[in-house]
Amino acid sequence: MKILLAALLGWCFGLFAPAMAQGVQRLSPCIEHTTQQNGHVHIIKVDLSCPSIELVGTAPDTAPTTVKNFAYRNRLNVAINASFFDPQYQPQGLVVSGGQRWDRSRDSRQHSFLACTRDNRCRIDPPDHLAKADPDWYTVIAGWQNLRNGKVICARSASASCYSNAREAHPRTSVGLSRDRRWLYLVVVEGRLPDFDGYTLTQLARLYQSLGVRDAINLDGGGSTTLVINNKRINALPSRQLFLERTVANQFGVRDTAAR
């Protein structure tokens, strides 16, 4: 019975989220998409030195919504889910969109964040540090664990859940920066599937290390994990969700105007 159910679920995933072939897919002059683990791990590489690249966060008056709606509304090449959020869809940590900080949004020692200026000068702020929103920051999304040099870092005051979440395999959404801050990486890992559980955060950190990325942050994952490319959801959702994409508090996207 379990075998039959697994086969049925696998068929459903293939129907509603066709697997992307392994290899490199050029999405635009400055964005490429590669996959690993038989298409279960998606890596988006963005050249921030390209003047045609625009980084987009969710406008507060359009939230909450799905990643697919966000991508369509903003005409994005790539979009992912972003910050962890509470039951009222309030993002945790600092969030800035279009240069405006979200109401009740602030940094905490528990969170890391990615901050980018309008001309795509980006940085990753680690946990255990309190930062005020810089007026030059145009887009900011917050994450939880910091992934540095192949290791998982929780804040010193972090609860046990920070570590237990890191040890278990789950679907994952994350962002990272190359050492020279030229390349932005978005890594989305599928999981909770009959043939693939997902990644632990140590596995995710080591993947970033293999890409030459020193600093990355773990964003909201699990059932929220979503990757949309050119208005199509690419990743398979966890088994129990079938094809139903989850509404999330905020998103992050990339638009290459040279591809228009």
Side-chain angles (χ1 to χ4, degrees), residues 26-33 43-65 67 69-83 85 90-108 111-126 129-143 146 173-188 213-217 219-220 227-231 248-260:
R26 180 67 62 177
L27 304 180
S28 80
C30 302
I31 308 172
E32 68 177 35
H33 171 217
I43 303 168
I44 304 295
K45 183 179 180 182
V46 182
D47 187 350
L48 295 178
S49 71
C50 294
S52 57
I53 288 292
E54 298 176 352
L55 305 178
V56 182
T58 308
D61 61 354
T62 65
T65 189
V67 177
N69 285 343
F70 165 75
Y72 178 79
R73 180 182 293 120
N74 292 282
R75 302 178 65 195
L76 301 173
N77 298 92
V78 178
I80 57 173
N81 63 294
S83 308
F85 55 93
Q90 173 67 26
Q92 298 178 9
L94 182 63
V95 178
V96 176
S97 299
Q100 298 297 313
R101 180 174 64 86
W102 281 41
D103 289 343
R104 297 185 291 136
S105 166
R106 61 183 58 84
D107 187 29
S108 80
H111 295 93
S112 301
F113 62 79
L114 170 74
C116 299
T117 63
R118 193 160 195 165
D119 58 353
N120 300 331
R121 290 179 289 110
C122 297
R123 57 169 285 192
I124 286 181
D125 196 78
H129 176 254
L130 286 177
K132 294 183 179 180
D134 188 315
D136 287 338
W137 292 344
Y138 189 74
T139 304
V140 179
I141 55 172
N146 183 236
T173 305
S174 59
V175 292
L177 277 174
S178 63
R179 289 179 180 270
D180 61 5
R181 300 185 182 183
R182 173 180 175 179
W183 303 98
L184 175 70
Y185 289 85
L186 316 180
V187 175
V188 172
V213 174
R214 184 184 66 178
D215 289 300
I217 56 174
L219 302 173
D220 190 19
L227 170 64
V228 172
I229 294 178
N230 295 331
N231 294 322
V248 296
N250 67 317
Q251 297 87 8
F252 178 76
V254 184
R255 179 170 54 225
D256 189 350
T257 59
R260 301 296 177 187

Query raised in the report: Is atom CZ of R104 surrounded by more than 12 heavy atoms (other residues, nucleotides or ligands) closer than 6.0 Å?
Result: no

Query raised in the report: If only atom types and distance count, is the side chain of S174 paired as donor or acceptor with the main-chain N or O of V188 below 3.5 Å?
Result: no

Report summary line: With sequence neighbours left out, the residues meeting salt bridge (charged side-chain N to carboxylate O under 4.0 Å, His left out) with R118 are none

Only distances under 3.5 Å count here; give the side-chain donor-acceptor pairs of residues 44-64 to other protein atoms, sequence neighbours excluded, each with its distance to 0.1 Å.
from: D47; atom 1: OD1; to: S49; atom 2: N; distance (Å): 3.0
from: D47; atom 1: OD1; to: S49; atom 2: OG; distance (Å): 2.6
from: D47; atom 1: OD1; to: R182; atom 2: NE; distance (Å): 3.0
from: D47; atom 1: OD2; to: S49; atom 2: OG; distance (Å): 3.3
from: D47; atom 1: OD2; to: R182; atom 2: NH2; distance (Å): 2.8
from: S49; atom 1: OG; to: R182; atom 2: NE; distance (Å): 3.4
from: S52; atom 1: OG; to: D256; atom 2: OD1; distance (Å): 2.6
from: E54; atom 1: OE1; to: R255; atom 2: NE; distance (Å): 2.7
from: E54; atom 1: OE1; to: R255; atom 2: NH2; distance (Å): 2.8
from: T58; atom 1: OG1; to: Q251; atom 2: N; distance (Å): 2.5
from: T58; atom 1: OG1; to: Q251; atom 2: O; distance (Å): 3.3
from: T58; atom 1: OG1; to: Q251; atom 2: OE1; distance (Å): 2.6
from: T62; atom 1: OG1; to: A59; atom 2: O; distance (Å): 2.7

**Report entry** Atom pair OH (Y72) and CG (N231), whose distance is rounded to the nearest 0.5 Å
**Finding:** 7.5 Å

Query raised in the report: So, do L76 and F70 sit near enough that their side-chain heavy atoms are less than 4.5 Å apart?
Result: yes

Query - All side chain to side chain contact (heavy atoms under 4.5 Å, CB included) counterparts of R179, not counting sequence neighbours - result: N149, R214

Requested in this report: Locate the shortest heavy-atom distance separating H129 from D107; write the atom from each residue and the value.
Outcome: O-OD2, 2.9 Å

Query raised in the report: With a 3.5 Å cut-off and no angle check, do the side chains of N77 and S28 form a donor-acceptor pair?
Result: no

Requested in this report: Provide the closest heavy-atom pair for D220 versus S83 in the form atom of the first, atom of the second, distance.
Outcome: CB-O, 3.6 Å

Query - Pairwise distance CD1(I124) to CZ(F113) - rounded to 0.5 angstrom - result: 10.0 Å

Query raised in the report: So R121 and R181, side-chain contact (heavy atoms from CB on, under 4.5 Å) or not? Walk me through it.
Result: CA-CA 8 Å; R121 290 179 289 110; R181 300 185 182 183; over 6 Å; no

Report summary line: OG of S112 to CG of D215, rounded to nearest 0.5 Å, is 9.0 Å

Query raised in the report: Considering only heavy atoms from C-beta outward, does the side chain of L219 approach that of F252 to under 4.5 Å?
Result: no

